[in-house]
Amino acid sequence: MSKSEEADLNLLINSLSSKVYNSFKRSLNTKSEPTTKLKLLETVRKKKAFEKVPFIKKHKLTSLKFNTLKFDLFQELIDHLKISEEKYSDINLFNEFIELEVLLKNALYTKAKRKLNKLKKIAVEKCDFDICCLLQKKAVEFRLFNYDKGTNNFKDGVTELDEYIRLSKNLNSYKLLAEEICELHYQFLDKRIKNRDGLLNYNNNPLLQDVSSAKSVLSVYFFYRAKSFIYMGDNDFNEGKRYSFLAYEYLNNNPSKYRDDFLLKFKALNNYLDSSMNLMETTPFEKIHPELLRLIDENEHRFSAITKSFSTIANDCLVLNYLWIKKDVNRFLEIIPQIKENYNLHSEMTGPNFSIEVLLSIARMYFLKGMLKEANHYCVMISDKKTNPASLIISCGNILRIMIQHDLGDHQLISHLIHTSKYFLKSNERLFNLERSILNGLNKIKPYYPNAQKSLLFKELYLEISEKLDKAEDSILDKKIGILDWLKSKINT
């Protein structure tokens, strides 16, 4: 096993819900498995940092026997997870498709026809048209429409298959388009970026001209999702908000017991609230966030490890953004231990944009409270993530770190940070006049200047930045780190 896979068993066991863990544990007991295998499962589950050597010594195992035991436990757990306890899960749908294959290969056509009809109904409701295509191909191949009293014939069977192919292509096109725009929009998030045409031109895509082009429930959802990302990437948060809520509302109005819409609804509400708070609005959060928490509470029992991590980190981002707007440092200090624990547990299993936003949110709240060393620690963590696609967050983190160094009185580092920040901003096409003025202005303020002179320079910089923000197409930088309030606080101090 390669070093990159050494922790896989630990990750897998600790990602299990209590329900699945207990179910697997019972299955080991009923199989009369060696007690060491059960002990390994329990030990890994109980200890966040599993230590191999003490376990081997305690149970008198050789390294070879331990590795075999570990491999067997991992494989048995994977086999257990192949059977989902959720009745209409994707895993169960595939398992039933395999059962259909068994029935067909053994010429049990009447039973196969019943199963085919059942699976097609479920798959259509789930908008899983790829499975519909596989099922209907079997129907055509084995002429299953000849094994009941219906009026279907071969031509109708082929026509039905063509329709599933069309629906599948339509949905997959919208899914891929939405994810493509989602990935691209992180590179923008600022109206001042000149080459925004690459993002805005998606509005001319034939798929996004009219919602009637979307031919299924999920296609409509991804139509709205794609549109929301175009506007969010251009910082048109009113339109981003509108399309995000349309996506959520459409799924709410078109539910299906066969389809698990939790993650899609959660993402739509997350984007709605994120857009609202980028507009510095707090009322939507106060009104809608309880609905999002209710959504989590109702579905948490069936979360996968990835869903748990994503929903946890994304929700933490929303809460921290709300506290930043409200400047509620007391509530921040109450919840920060849990936020840190969540980050340590879940950040590696969620999108890099969310994890880095948590870091900036923590840093700026510590900065607001005056806990400068703690704030600096998180800014350093941000600066280490140079390849993260959310370059706006890294830019904000770099400038915030310079502000922190000024307050710490560590002026030796400031010149270096200003140079590296300029290089990063220029490399990512984000060295606008505003950022250049901030960095150049801060560089002029030397530690050996008299307080009166420093206060005057801060005042000049404050007035310059205020004027530029009034004229700028976007004030996203000030919204993210409060540069104006900080400059103002330095006047006559």
Side-chain angles (χ1 to χ4, degrees), residues 186 189 270 274 277-278 309-310 312-414 416-425 428 430 435 438-439 442 476-487 489:
Y186 292 120
L189 300 174
N270 176 78
D274 183 65
M277 285 187 284
N278 272 293
S309 294
F310 172 77
T312 300
I313 294 296
N315 182 59
D316 285 351
C317 281
L318 293 173
V319 171
L320 289 168
N321 283 335
Y322 174 75
L323 296 179
W324 167 251
I325 296 171
K326 299 289 284 187
K327 301 295 184 278
D328 191 347
V329 292
N330 292 328
R331 179 58 182 157
F332 166 74
L333 292 176
E334 289 175 6
I335 67 171
I336 188 58
Q338 185 61 56
I339 296 285
K340 289 179 180 178
E341 183 179 339
N342 290 344
Y343 182 84
N344 291 333
L345 286 172
H346 300 293
S347 62
E348 291 186 4
M349 295 182 69
T350 192
N353 53 299
F354 285 99
S355 59
I356 199 171
E357 189 170 347
V358 168
L359 297 178
L360 179 65
S361 297
I362 294 174
R364 67 190 182 186
M365 290 302 293
Y366 272 134
F367 179 66
L368 191 63
K369 179 61 177 173
M371 299 172 70
L372 301 178
K373 290 183 179 179
E374 291 84 352
N376 187 62
H377 171 74
Y378 284 92
C379 283
V380 172
M381 289 178 69
I382 292 169
S383 66
D384 288 341
K385 298 184 180 296
K386 296 179 177 62
T387 58
N388 192 290
S391 56
L392 171 66
I393 303 298
I394 300 176
S395 302
C396 291
N398 287 343
I399 294 175
L400 179 59
R401 190 179 177 195
I402 295 168
M403 293 157 59
I404 292 168
Q405 295 305 316
H406 264 282
D407 285 2
L408 282 170
D410 187 1
H411 297 280
Q412 289 183 339
L413 189 58
I414 289 175
H416 169 72
L417 291 177
I418 288 173
H419 175 75
T420 56
S421 294
K422 279 186 176 180
Y423 178 80
F424 176 84
L425 290 166
N428 287 272
R430 288 188 176 275
E435 284 80 356
I438 291 170
L439 295 172
L442 292 176
I476 190 69
L477 182 69
D478 188 48
K479 290 177 182 178
K480 291 289 185 187
I481 57 174
I483 182 73
L484 269 184
D485 287 343
W486 179 75
L487 289 172
S489 72

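What you are looking at is a predicted structure, and each value in this text was computed from that prediction instead of being measured.
One finds the CG atom of L413 at 9.0 Å from the CD1 atom of I402 (value rounded to the nearest 0.5 Å). For the atom pair CD1 of I483 and CD1 of I438, the computed distance is 4.5 Å after rounding to the nearest 0.5 Å. Taking CE from M277 and CD1 from I325, the interatomic distance works out to 6.0 Å, rounded to the nearest 0.5 Å. In this structure, S395 OG and I476 CD1 are separated by 11.5 Å, a value rounded to the nearest 0.5 Å. Between the NZ atom of K480 and the CG atom of D478 there is a distance of 12.0 Å, given to the nearest 0.5 Å. Distance CD1/I481 to CG/N398: 9.5 Å, rounded to 0.5 Å.
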- request: Please step through side-chain contact (heavy atoms from CB on, under 4.5 Å) for the pair K479 and N278, ending with a clear verdict.
  value: CA-CA 8 Å; K479 290 177 182 178; N278 272 293; 5.7 Å; no

query: How far apart are the C-alpha atoms of L360 and L400, what are their side-chain angles, what is the distance that settles it, and do they pass the side-chain contact (heavy atoms from CB on, under 4.5 Å) test?
result: CA-CA 9 Å; L360 179 65; L400 179 59; 4.2 Å; yes

Name each donor-acceptor pair under 3.5 Å that joins a side chain in residues 327-337 to protein atoms two or more places apart or in another chain, with its distance.
residue: K327; atom: NZ; partner: W324; partner atom: O; Å: 2.8
residue: D328; atom: OD1; partner: R331; partner atom: N; Å: 3.1
residue: R331; atom: NH1; partner: E334; partner atom: OE1; Å: 2.9

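In this structure, M403 and G482 approach most closely via the heavy-atom pair CE-O, 4.5 Å. Contact detail for I404 and A375: the closest heavy-atom pair is CD1-CB, 3.6 Å. The two residues A363 and C379 have their closest heavy-atom pair at CB-SG, 3.9 Å.
In summary, of the residues considered (N353, I356, V358, T350), a side chain to side chain contact (heavy atoms under 4.5 Å, CB included) with C317 occurs for V358 alone. When the options K340, Q338, H346 are evaluated for a side chain to side chain donor-acceptor pair (under 3.5 Å) with N342, the one that passes is Q338.
The shortest distance between side-chain heavy atoms of R401 and I382 does not fall below 4.5 Å. Taking the side chain as every heavy atom from C-beta outward, L359 and Y343 approach each other to under 4.5 Å. Between N270 and L318 the shortest side-chain heavy-atom distance falls below 4.5 Å. Between S391 and F424 there is a side-chain heavy-atom pair separated by less than 4.5 Å. No side-chain heavy atom of M365 sits less than 4.5 Å from a side-chain heavy atom of K369.
The aromatic rings of F367 and W486 sit tilted relative to each other, their planes meeting at an angle between 30° and 60°.
A side-chain donor-acceptor contact under 3.5 Å links T420 to the backbone of L417. Looking only at distances, a side-chain donor or acceptor of S383 sits under 3.5 Å from a matching main-chain atom of V380. No donor-acceptor pair closer than 3.5 Å links the side chain of K422 to the backbone N or O of L439.
The number of heavy-atom neighbours closer than 6.0 Å to NE2 of H419, taken from other residues, nucleotides and ligands shown, is 12 or below.
Residues forming a salt bridge (Lys or Arg N to Asp or Glu O under 4.0 Å) with D410 (at least two apart in sequence, or on another chain): none. Applying the side chain to side chain donor-acceptor pair (under 3.5 Å) criterion to S355, with sequence neighbours excluded, gives no partner residue.
Checking N321 against E357 by side-chain atom types alone, a donor-acceptor pair falls below 3.5 Å.
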